[in-house]
2 protein chains.
Amino acid sequence: MKEIAEAAGVSISTVSLVLNGRDEGRVKAPLAALVREKADELGYTVNPLARSLRTCRTRILGFISEEVATTPYAGGIILGAQDAASTYGYMIITVSTDGRASEENEIATLKRYGVDGFFYSKMSNRIASVPASLGDYPVVMVDATDADNQIPSIEPDEFQIAYDATKRLIQADCKRIAYIGCSENMIAQDGRFAGYQAALQDSGFAYDPSLVCNVLNNGPALRAVDKLFDERNPDGFFCFNDARAWYVYECAARRGLTVGKDVSIVGVDNHRVFAETLEPQLTTVELPHYEMGYWAACKLISMIERKPVDSSSWPNTTAPMPPLDSPIPAKIHCALIEKGSVRS
Amino acid sequence: MKEIAEAAGVSISTVSLVLNGRDEGRVKAPLAALVREKADELGYTVNPLARSLRTCRTRILGFISEEVATTPYAGGIILGAQDAASTYGYMIITVSTDGRASEENEIATLKRYGVDGFFYSKMSNRIASVPASLGDYPVVMVDATDADNQIPSIEPDEFQIAYDATKRLIQADCKRIAYIGCSENMIAQDGRFAGYQAALQDSGFAYDPSLVCNVLNNGPALRAVDKLFDERNPDGFFCFNDARAWYVYECAARRGLTVGKDVSIVGVDNHRVFAETLEPQLTTVELPHYEMGYWAACKLISMIERKPVDSSSWPNTTAPMPPLDSPIPAKIHCALIEKGSVRS
DNA sequence: CTGAAAGCGCTAACAC
DNA sequence: GTGTTAGCGCTTTCAG
């Protein structure tokens, strides 16, 4: 920067002004152009550290997650957040925590590094409260929401997911649609079960409790599904998660039935729906993880910079874009998007 | 820091000396103690940004990956790297790239942020070359290696993985052990196939080519496995990956055979082995992802600080710890570790 | 053994 | 319009 000033025959502050785009009406155009030219020649790049020492802005975002780094879906979210951050000139430091103590630790470290704001994510653990230590920082919750709706969040819409998934089975011409759920009290269970019922009802199907099979794991679960097969002979299955879908696959195979041909499955997961149905065939339907991350980052950056995000440069996606500029706190619910074949 | 100096009645430089542990033989012990006490009282934490402005050391590490963020295994690696980094007072900025251009971009950004060193990872793409732009930075390759062995790396040992997995089938008392491989030319294929053969040979089994079944995907693959079942009736299966294991599960189910009871499977993946065998039963065997990340970070930090890593504080793990202090470049090959039940 | 002083690269008042 | 100046918080010679 000093070199540029010398090369252009101006002072350092002029260079600073120009390079920060604050020259409008302060530095004469030709001079500004000269400065820019010299800067280019010398291959100047800002030193963000030095800058942040003055500005108290680092353009670094902290991503706090419990287990985010251990699911493939989380990766997509972080990827999206990183891309968005990168677009706006930010970087993300991701930290994973296990338990309160380490969380506070990581937060403290992140603060020392001067992050401008935080993502706070709890994978598939939807109601959470943001630690007090994040108090006066901009925060966006990802795949989680706070009890009193104070914090902007982006999270899956369990009801809609199950609704769409069930509709898919109906489209595939299934007549006896089973619900293979979880007998543990999962947070997602209520919304999904309601979505299943609503989809049936909206399509003129009567809800039949004998088609509902809430199971735990392993042998007993497998036998319960086996029994359901024998007694009700379902031709469509809504599965709460992968493990439950597995039982259906196994039972079908034992009967010589092929999933995707003789019976249809739509399996949900915390972050994904996979479907093997006759028509449409062999597709996976997922939450727009990448986009969730992208949106979350845009939201966070807009909070930091106190200006609306520019949605024109958003990624090409089939995911419906939620309105991000709604007043804070905004709750964004995600729908599902198509993702290609389930078998690779 | 100024406040501490005032409170303790010393100068700022003394405070700096003490707080950086460079007081030995320079500042009198009681004075140093006083400084430390005041620092505690005032809740002092260093400002890493200001510090790095002087030292040209940020204690930030850059993690460059292509698709690292999209596999669950990658998450484990990053997690381990982060934990190690955190232990030594470092942070990690992870960037994901797609293609050369964006990679160079991310590298440039990371450099501007003053990272002290780089992880360079290419998931399951084992031979790679580190971009020239990383030239004079400390670099550790993760799950990749360079052609001319110039860069320290940590990567899976395909031969050993397949060897161990096959041994497992032998332990489970399998007599006709099939190899379900990949007819595409995968990098991992050679090592794994060799490991399979070596394990058989070492246990006194004759290698039987008719038990080898290299397939592609979908219907044809399924039929090929079906044929193998009919013709050779294997009781143990080494599967190159998940997809291949799936065909075996399907074929077994159709014959009323239960995997883990009637037949045994050991399935490998780029990063994981899962086994369903009679004895030992229902276990997953994985690469020590977490540890890989941990070790990689230790290695990188030791390169940055030009001193051997302290391995006494390493994470509790059943994974065999590789020697990290071998001369650079060190190639670290990972073995497998037990991980609990395959079905949750 | 301790303190004074310079400066890392940049920004932002405030003069000129 | 442009330059001067004073730091941001810390480290590091170099005197004393």
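First the proteins, then the strands, lettered A, B, ... as listed; each starts at 1.
- Considering only heavy atoms from C-beta on, B/Arg26 stays 4.5 Å or farther from B/Asp23 through its side chain.
- Heavy atoms of A/Arg26 sit under 4.0 angstrom from at least one base atom.
- The closest side-chain heavy-atom distance from A/Phe119 to A/Ile77 is not below 4.5 Å.
- If you check distances only, the side chain of B/Arg54 does reach the base of C/dG7 with a donor-acceptor pair under 3.5 Å.
- Considering only the side chain of A/Met1, C/dT11 comes nearest among C/dT2, D/dC10, C/dT11.
- Among the protein residues, A/Ile12 comes within range of the nucleic acid bases, having at least one heavy atom under 4.0 Å from a base atom.
- Checked by atom type, the side-chain pair A/Asp116/A/Tyr137 shows no donor-acceptor distance below 3.5 Å.
- Distances from the side chain of A/Val10 to the nucleotides D/dG3, C/dG3, C/dT2 place D/dG3 closest.
- Residue contacts shown for A/Gly9 are limited to sugar-phosphate atoms, with no base heavy atom under 4.0 Å away.
- Distances were taken from every side-chain heavy atom of B/Arg22 (C-beta onward) to each of C/dC10, C/dT2, D/dT12; the shortest belongs to D/dT12.
- With distances taken from any side-chain atom of A/Ala50 to the nucleotides C/dC10, D/dC10, C/dT11, the minimum falls on C/dC10.
- Within 3.5 Å, a donor on the side chain of A/Ser13 pairs with an acceptor on the base of D/dT4, or the reverse.
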